[in-house]
Amino acid sequence: METNFSDIQQLWQSQKAQEMDLSTLIEGLRKTESKQRREQLFMLIITPLTIGFLFWVMPWQESAGITTSLFLIALAMIGVLILSIRSKVKTLDISETSDNELYLKTQIRKLKARYIIAGKHMYVYTILLVIALNISYFILLEPLESWVRILIHTILTAAIFGFMHWQIKRKLKKYDRELKPMIEKMEGMLEAKRAGERSK
Amino acid sequence: MKNQKERVFEEIYSSHKDRIYRLCKGFVKDEDQAKDLFQEILIKIWRHLDAFREESQISTWIYRIAYNTAITFSTKEKKQEERKSEMPAEFQWSDSDYPHSEMDQQIQLLYQAINELPELDRIIATLLLENSSYRAIAEISGISENYVAVKVNRIKTSLSKKLNPQTHGN
């Protein structure tokens, strides 16, 4: 016997969800919300506290080099804080309540932004860190012989750059595996919509 | 003591749970994955509930969240599914997954037919099966009502064809 569309609708609507324990879910959500609030508060407090502590313990008045390196560290920390607030702490994505086209556009932009953070911003952060540490070491190693100082600076710089470069490449490979197919799939969906609208 | 948000959430759950569940089944084949998606949608509804401003109908708002979540979920789950399909076929079905009655077989066929549609068609098909208006479908999917109308005919034909293979010579 042929199934017409209203039969299909009836068949579809006959399917019911299994009951779930809603109060446990709500309790879990409430706990997650308060944990997120605590994390936000922690990050907002810990950054100025760390910067303040560094300025308090380091003899920054004695040398312009230490002052510069402290400012660079503070700058890098604030940069990381801003990036964290953007990507992690800000969990409420308003595009989730928008229509599907706007949602797809927003998600593609956000996924691409994660690539930029890993591929570009992390290198800027590394450069700031290397400069700050080299300035501090330049002052701390003053009593040593020139060749020893050069050697330590070279090893320090190479080690940090090498490690960070390795970490960034690993991250980008992971993104290539996980994010790239998502971006391509979402772009494909958007393109299919546009092509359909054009050809109708 | 339940607060206002909890009461509204419970109302949404009881009035929309079946529709959300069916939507999940239309997007992911596996029952456990459908349950995970169902829960993820509920979590997002909870998180956004304070921001709901009644500029759109509550059901449109819920569907937008549900479909957007389902799209991302199914995109992420594709990789897991690919890994799963590398396993021998006999390991992919548990006894409870086998359709037993004729109705079970028909519903499995319907889920499969919807699953095989492109994402946009899947959104339109599941909304259509819930008797949603063209306007609501357009508001949720982000395409024009005219284009919805074009799509609807194709989707109806495609689903009927897949559920009536003998009649359509498939």
Side-chain angles (χ1 to χ4, degrees), chain A residues 1-20 22-23 25-30 32-33 36 91-107 111 177-179 181-186 188-190 192-200, chain B residues 2 6 9-10 13 17-22 24-26 35 38-39 42-44 46-48 51-52 56 61 64-65 67-69 71-72 75-76 78-79 103 106-107 110 114 118-120 123 126 128-131 138-144 146-147 150-151 156 159-160 163-164 166-167:
Chain A
M1 197 183 77
E2 182 162 341
T3 316
N4 62 37
F5 195 74
S6 58
D7 293 334
I8 299 174
Q9 272 182 319
Q10 273 183 13
L11 178 70
W12 175 260
Q13 288 175 19
S14 69
Q15 298 302 300
K16 308 283 177 206
Q18 287 170 14
E19 282 299 328
M20 66 182 292
L22 209 58
S23 49
L25 179 73
I26 292 174
E27 199 188 310
L29 286 166
R30 287 228 173 275
T32 312
E33 277 175 347
Q36 278 171 351
T91 50
L92 202 65
D93 179 358
I94 204 71
S95 77
E96 286 169 348
T97 64
S98 311
D99 69 58
N100 191 246
E101 178 151 356
L102 184 59
Y103 172 75
L104 288 174
K105 283 179 188 165
T106 312
Q107 294 311 304
L111 290 172
R177 276 197 316 273
E178 291 169 6
L179 304 189
M182 283 178 75
I183 294 172
E184 284 168 359
K185 179 105 184 139
M186 287 179 173
M189 285 183 222
L190 266 184
K193 273 188 188 192
R194 285 178 196 140
E197 290 269 18
R198 276 197 302 267
S199 67
K200 77 164 196 297
Chain B
K2 283 174 190 166
E6 285 177 17
F9 186 68
E10 283 181 0
Y13 174 77
K17 66 177 189 301
D18 294 334
R19 276 175 274 189
I20 296 172
Y21 171 74
R22 292 192 284 265
C24 298
K25 291 289 285 180
K35 281 180 189 164
F38 184 74
Q39 192 164 316
L42 289 179
I43 291 169
K44 295 227 167 129
W46 169 270
R47 284 187 182 156
H48 285 287
F52 177 62
S56 59
W61 183 81
R64 279 177 168 178
I65 294 176
Y67 280 104
N68 289 335
T69 308
I71 291 278
T72 308
T75 315
K76 279 183 195 162
K78 273 256 163 15
K79 281 187 86 67
M103 194 179 159
Q106 280 288 92
I107 195 73
L110 179 57
I114 292 170
E119 277 80 4
L120 178 62
I123 298 176
T126 47
L128 207 58
L129 289 165
E130 298 292 352
N131 289 326
E139 279 177 9
I140 294 160
S141 59
I143 57 172
S144 67
N146 286 344
Y147 188 35
V150 174
K151 284 266 179 195
K156 277 185 177 176
L159 290 181
S160 302
L163 267 85
N164 302 291
Q166 306 90 344
T167 327

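All values below come from the heavy atoms of this structure, side chains included, with hydrogens, waters and symmetry mates left out. First the proteins, then the strands, lettered A, B, ... as listed; each starts at 1. Please read all numbers here as calculations on a predicted model, not as lab measurements.
- Proximity of a side-chain donor or acceptor of B:Y13 to a complementary backbone N or O of A:M20 within less than 3.5 Å is detected.
- With a 4.5 angstrom heavy-atom cutoff, A:L102 does not touch chain B via any of its atoms.
- Closest approach of B:R64 and A:T97 over heavy atoms only: CD-O, 3.1 Å.
- Between B:D18 and A:K16, the closest side-chain pair of non-hydrogen atoms falls below 4.5 Å.
- If you take CD on A:E101 and CD1 on B:I143, they are separated by 9.0 Å, rounding to the nearest 0.5 Å.
- B:S160 pairs with exactly one of A:D7, A:N4, A:I8 by the side-chain contact (heavy atoms from CB on, under 4.5 Å) rule, that one being A:I8.
- In this structure, chain A has heavy atoms under 4.5 Å from both the backbone and the side chain of B:L128.
- Here the side chains of A:L11 and B:M103 are in contact, with some heavy-atom distance below 4.5 Å.
- Note that NZ of A:K193 and NZ of B:K151 are 10.0 Å apart. Values are rounded to the nearest 0.5 Å.
- Looking at A:M182, the atoms closer than 4.5 Å to chain B (heavy atoms on both sides) sit in the backbone and in the side chain alike.
- Using a 4.5 Å cut-off between heavy atoms, B:E10 contacts chain A through both its backbone and its side chain.
- Considering only residues two or more places apart in sequence or on other chains, A:Q10 meets the side-chain contact (heavy atoms from CB on, under 4.5 Å) condition with none of them.
- Looking only at side-chain heavy atoms (C-beta outward), B:T72 and A:M186 come within less than 4.5 Å of each other.
- Interface residue B:L120: only side-chain heavy atoms are found under 4.5 Å from chain A.
- To the nearest 0.5 angstrom, B:T75 atom OG1 is 10.0 Å from A:Q107 atom CD.
- Here B:I65 contributes atom CD1 and A:S95 contributes atom OG; the two are 10.5 Å apart, rounded to the nearest 0.5 Å.
- Looking at A:S23, neither its backbone nor its side chain comes within 4.5 Å of chain B, counting heavy atoms on both sides.
- In plain terms, the two heavy atoms of B:R22 and A:Q13 that are nearest each other are NH1-O, 3.1 Å.
- A distance of 8.0 Å separates CD of B:Q39 from CG of A:L29, quoted to the nearest 0.5 Å.
- Under the 3.5 Å distance criterion, the side-chain polar atoms of A:D99 are left unmatched by any main-chain donor or acceptor of B:S141.
- Taking B:I140, B:T126, B:L110, B:I107 one by one and counting their heavy-atom pairs under 4.5 Å with chain A, the maximum is reached by B:I107.
- Between B:Y147 and A:A192 the shortest heavy-atom distance is OH-O, 4.1 Å.
- Partners of A:E27 by side-chain contact (heavy atoms from CB on, under 4.5 Å), not counting sequence neighbours, listed by chain and number: A:K31.
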| query | Taking it one step at a time, do A:Q15 and B:K25 satisfy side chain to side chain contact (heavy atoms under 4.5 Å, CB included)? | reply | CA-CA 10 Å; A:Q15 298 302 300; B:K25 291 289 285 180; over 6 Å; no
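- Side chain of A:N100 to main chain of B:G142: no donor-acceptor pair is present (N/O by atom type, distance under 3.5 Å, no hydrogens or angles).
- Proximity of a side-chain donor or acceptor of A:E33 to a complementary backbone N or O of B:R47 within less than 3.5 Å is not detected.
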| query | Step by step, would you call B:I114 with A:W12 a side chain to side chain contact (heavy atoms under 4.5 Å, CB included)? | reply | CA-CA 11 Å; B:I114 292 170; A:W12 175 260; 3.4 Å; yes
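- Using a 4.5 Å cut-off between heavy atoms, B:F52 does not touch chain A at all.
- Here B:L163 contributes atom CG and A:F5 contributes atom CZ; the two are 10.0 Å apart, rounded to the nearest 0.5 Å.
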